[in-house]
Amino acid sequence: MPELPEVETIRRDLEQVLPGRTFTDVKINYNGSIKEPSAYAIKKGLPGRQVDFIDRRGKYLLFYLHDSTVMVIHLRMTGRLLLFRDMPALDKHSHVIFTFDNHACLIFHDIRKFGTIYWLPEKRLDIVKGLSALGPEPLTEEFNTNYLYRTAKKRRGQIKGMLLNQSIVAGLGNIYCDEALFLAGIRPDRNSDSISAEECAKLCRAIKEVLKKAIEKRGTTRSDYRDALGNYGLFQNHLQVYGRTGKPCLACGSMLVRKKIAGRSSHFCPQCQK
DNA sequence: AGCAGGACCTGATGGC
DNA sequence: TGCCATCAGGTCCTGC
């Protein structure tokens, strides 16, 4: 569920509150959320350590601690990180509860239990395979038309599959892929090597534009996503194609369609997207 | 190398 | 009301 804009929104919320705070307690109700080291090791080891700052890479959140260790959290489909001033009422999906020295609570809440938590020395972040394999951040200069074009030419699969591949560009998921491809006028099932340099320039601009606007709107809430204060995002009100199957295209009025592409349900305008 | 498909989980929704 | 199938924003593993 959370893609780059949602994870970035949560990061900014946490950054307001957690730097300088020290963990006092960790309660783990579902051990499966903890990947490395063990639930026991986190419970024993984290209390007493201080948060320096919170970073993001792709859809990963990185809590840099003062002792050069890092807690890494990936929310996958339904994960939430919720901040409270005091211990709140917990439900059955509240899998990990972190308490801080000012009594603030951070709850890792995850209905589908796909989310993952690691705590590692900064030097051992390579253990987190997805994280160390991430491609460039889409909102940096490193991600540009040239890079996109060169990469697209080298591959034979569909453009949508390429954009969802986190080792090619970090942080895009199903919603923002569909939105960016619509803005760029490219069908999601086009073979990536058929896309011209000019179209790549459009696509590169579209990706940056849609992500920036979605961050401004604090992400997209369709069902599960909440920011760290429990609030909805607002970008669902600005979606052009995602979840609008059968409705008129906002640009040309044709009926939008949905088709399974690269294993994911994909939304597009058969008229505007070539 | 790179792709498709299944697995990991729970809940919501729609048809009968 | 119950049962079943289908769908869901992500990633990892296996096998081709």
Side-chain angles (χ1 to χ4, degrees), chain A residues 1-10 29-36 56-61 72-81 91-96 108-118 127-135 150-182 188-193 207 210-211 214-215 217-227 232-246 258-267:
Chain A
M1 94 195 229
E3 306 180 31
L4 188 152
E6 290 75 31
V7 179
E8 178 60 20
T9 300
I10 292 169
N29 294 327
Y30 175 66
N31 290 348
S33 299
I34 312 293
K35 294 301 158 194
E36 286 283 343
R56 177 192 59 73
R57 265 291 275 144
K59 301 170 195 169
Y60 289 87
L61 279 167
V72 180
I73 299 186
H74 195 302
L75 300 171
R76 298 286 183 102
M77 299 282 266
T78 53
R80 296 178 185 169
L81 279 172
D91 68 14
K92 63 176 173 173
H93 306 299
S94 302
H95 302 314
V96 185
F108 174 74
H109 181 281
D110 186 12
I111 293 174
R112 288 175 74 181
K113 297 181 173 169
F114 290 168
T116 52
I117 300 178
Y118 298 79
I127 285 176
V128 189
K129 286 176 82 179
L131 177 64
S132 48
L134 284 179
R150 272 187 287 113
T151 310
K153 277 290 167 209
K154 275 189 281 193
R155 302 170 63 91
R156 280 161 298 115
Q158 297 165 319
I159 185 65
K160 171 126 182 200
M162 181 180 126
L163 296 180
L164 286 172
N165 185 330
Q166 302 297 299
S167 70
I168 289 170
V169 51
L172 285 178
N174 208 26
I175 294 180
Y176 298 110
C177 264
D178 282 3
E179 293 297 309
L181 286 164
F182 172 76
D189 54 1
R190 275 272 295 283
N191 283 336
S192 69
D193 61 1
I207 289 169
V210 74
L211 292 177
I215 291 172
K217 299 292 175 189
R218 302 184 57 83
T220 300
T221 297
R222 292 187 49 80
S223 56
D224 298 304
Y225 171 69
R226 301 290 186 277
D227 67 22
Y232 289 17
L234 295 170
F235 195 71
Q236 63 276 15
N237 302 321
H238 300 266
L239 295 173
Q240 312 270 303
V241 287
Y242 189 90
R244 297 194 64 247
T245 312
R258 185 171 80 165
K259 183 181 168 192
K260 195 155 202 159
I261 298 167
R264 316 296 299 279
S265 82
S266 304
H267 312 70

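Computation of the quantities below employed the complete heavy-atom set of this structure, encompassing side-chain atoms and omitting hydrogens, waters and symmetry-equivalent molecules. The chains referred to below are lettered A, B, ... by the order of the sequence lines, with proteins before strands, and numbering in each begins at 1.
A:Asn237 is linked by a side chain to side chain donor-acceptor pair (under 3.5 Å) to nothing, counting only residues two or more places apart in sequence or in another chain. Residues satisfying the salt bridge (charged side-chain N to carboxylate O under 4.0 Å, His left out) criterion with A:Arg57, sequence neighbours excluded, are A:Glu137. When the side chain to side chain contact (heavy atoms under 4.5 Å, CB included) test is applied to A:Ser167, the partners found at least two apart in sequence or on another chain are A:Asn165. The salt bridge (charged side-chain N to carboxylate O under 4.0 Å, His left out) search around A:Arg218 returns A:Asp13, A:Asp227, not counting sequence neighbours. With sequence neighbours left out, the salt bridge (charged side-chain N to carboxylate O under 4.0 Å, His left out) criterion links A:Lys160 to A:Asp178. By the side chain to side chain contact (heavy atoms under 4.5 Å, CB included) test, A:Ser132 is found to be paired with no residue, residues two or more places apart in sequence or in another chain being considered.
The phosphate of C:dT11 (OP1 or OP2) has a side-chain N or O of A:Gln166 nearer than 4.0 angstrom. A close approach under 4.0 Å does not occur between any side-chain nitrogen or oxygen of A:Ser265 and OP1 or OP2 of C:dC7. Of the side-chain N and O atoms in A:Arg264, one or more sit less than 4.0 angstrom from OP1 or OP2 of C:dG10. Of the side-chain N and O atoms in A:His74, none sit less than 4.0 angstrom from OP1 or OP2 of C:dG10.
Taking only distance into account, the side chain of A:Arg112 meets the base of C:dA8 through a donor-acceptor pair shorter than 3.5 Å.
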Nucleotide pairing, DNA chain C (Watson-Crick or G-U, distances under 3.5 Å), in dot-bracket with [ ] and |: .|||||||.|||||||
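Proximity of a side-chain donor or acceptor of A:Thr116 to a complementary backbone N or O of A:Lys35 within less than 3.5 Å is not detected. For the pair A:Gln166 (side chain) and A:Leu164 (backbone), a donor-acceptor distance under 3.5 Å is present. Remark: the backbone N or O of A:Leu239 is not paired with any side-chain donor or acceptor of A:Glu179 at under 3.5 angstrom. A:His95 contributes a side-chain N or O that, together with a main-chain N or O of A:Asp110, makes up a donor-acceptor pair within less than 3.5 Å.
Rounded to the nearest Å, the gap between the P atom of B:dG6 and that of C:dA5 is 16 Å. B:dC9 and C:dG2 have their C1' atoms separated by 23 Å, given to the nearest Å. Distance check on atom P: B:dG5 versus C:dT6 gives 16 Å, rounded to whole Å. Nucleotides C:dT11 and B:dG11 place their P atoms 22 Å apart, quoted to the nearest Å.
Ring orientation note: the planes of A:His238 and A:Phe235 are close to parallel, at an angle under 30° on the 30°/60° scale. Ring geometry, A:His109 versus A:His93: the interplanar angle exceeds 60°, so the pair is classed perpendicular (tilted spans 30 to 60°).
Within the structure, no pair that satisfies the salt bridge (Lys or Arg N to Asp or Glu O under 4.0 Å) test touches residues 162-172 of chain A, not counting sequence neighbours.
If you check residues 171-180 of chain A against DNA chain B, you find no residue with a heavy atom closer than 4.0 Å. Of the residues in residues 234-245 of chain A, not one places a heavy atom less than 4.0 Å from an atom of DNA chain B.
Among the atoms of the strands shown, none is found under 4.0 Å from any heavy atom of A:Gly263. Across all strands, A:Thr220 comes closer than 4.0 Å to base atoms (heavy-atom distances). Within 4.0 Å of A:Glu6, counting heavy atoms only, lies no atom of the nucleic acid at all. Counting non-hydrogen atoms under 4.0 angstrom, A:Asn165 reaches nothing in the nucleic acid.
Judged by closest nucleotide on DNA chain B, A:Arg76 is the one of A:Lys92 and A:Arg76 placed further toward the 5' end.
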Steps toward side-chain contact (heavy atoms from CB on, under 4.5 Å) verdict (A:Ile168, A:Arg155): CA-CA 11 Å; A:Ile168 289 170; A:Arg155 302 170 63 91; 3.2 Å; yes
Set out, line by line, the N/O atom pairs under 3.5 Å between protein and nucleotides 13-15 of chain C.
residue : atom : partner  : partner atom : Å
C:dC13  : OP2  : A:Lys129 : NZ           : 3.4

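Nucleotides of DNA chain B that come within less than 4.0 Å of any heavy atom of chain A span, from the 5' end to the 3' end, B:dC3 to B:dG11.
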